[in-house]
Amino acid sequence: MTIAFPNAARSFDPAKRSIRFWGHESQFEFTFEVDAHALQRLSPQSADDETSLLRAFDANRARIEAAAGLAHSRGRQTVYHLSAAAF
């Protein structure tokens, strides 16, 4: 079964400087985090504040979900951390 991202919710974690979002596979939910460096690699013009990082996430959501799906296909984890290297 493949992971899906039916919930468009995402949140900013100021302590980790990352955006958190969730994917589902059957009845299981998985947490993904994209760090600020990865988002700035995807959108180099982005500032380093919450609003800009959320905007960068939204603009690149399809690419981020594809990277998340690839990470998930390599093995189940409780939390997946997507760094700039994932893109």
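Just so you know, these numbers come straight off a predicted model, no measurement behind them. Only this structure's heavy atoms are used, side chains among them; waters, hydrogens and symmetry mates stay out.
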> So Phe12 and Phe57, ring pair (Phe, Tyr, Trp, His ring centres under 6.0 Å) or not? Walk me through it.
Replying inline: CA-CA 10 Å; Phe12 178 70; Phe57 179 91; over 10 Å; no
>> Working to the nearest 0.5 angstrom, can you tell me the gap between Glu50 CD and Asp13 CG?
In response: 10.0 Å
>> Measuring from atom CD of Glu65 to atom CZ of Phe32, what distance do you get when rounded to the nearest 0.5 angstrom?
In response: 9.5 Å
> So, Ser46 side chain and Ser43 main chain: donor-acceptor pair closer than 3.5 Å or not?
Replying inline: yes
> To the nearest 0.5 Å, how far apart are CG in Leu53 and CG in Asp58?
Replying inline: 11.0 Å
> Got a second to check how far Ile19's CD1 is from Ile64's CD1, nearest 0.5 Å?
Replying inline: 8.5 Å
> In Å, rounded to the nearest 0.5 Å, how long is the span from CG of Leu82 to CZ of Arg63?
Replying inline: 12.0 Å
>> Ring-plane angle category for Tyr80 and His72, please: parallel below 30°, perpendicular beyond 60°, tilted otherwise.
In response: perpendicular
>> Between Phe5 and His24, is there a side-chain heavy-atom distance shorter than 4.5 Å?
In response: no
> Between atom NE2 of His81 and atom OG1 of Thr31, what is the distance when rounded to the nearest 0.5 Å?
Replying inline: 9.5 Å
>> According to salt bridge (charged side-chain N to carboxylate O under 4.0 Å, His left out), who are the partners of Arg76, at least two apart in sequence or on a separate chain?
In response: Glu25
>> Closer than 3.5 angstrom, by distance alone: can the side chain of Arg17 be matched with the main-chain N or O of Asp48 as a donor-acceptor pair?
In response: yes
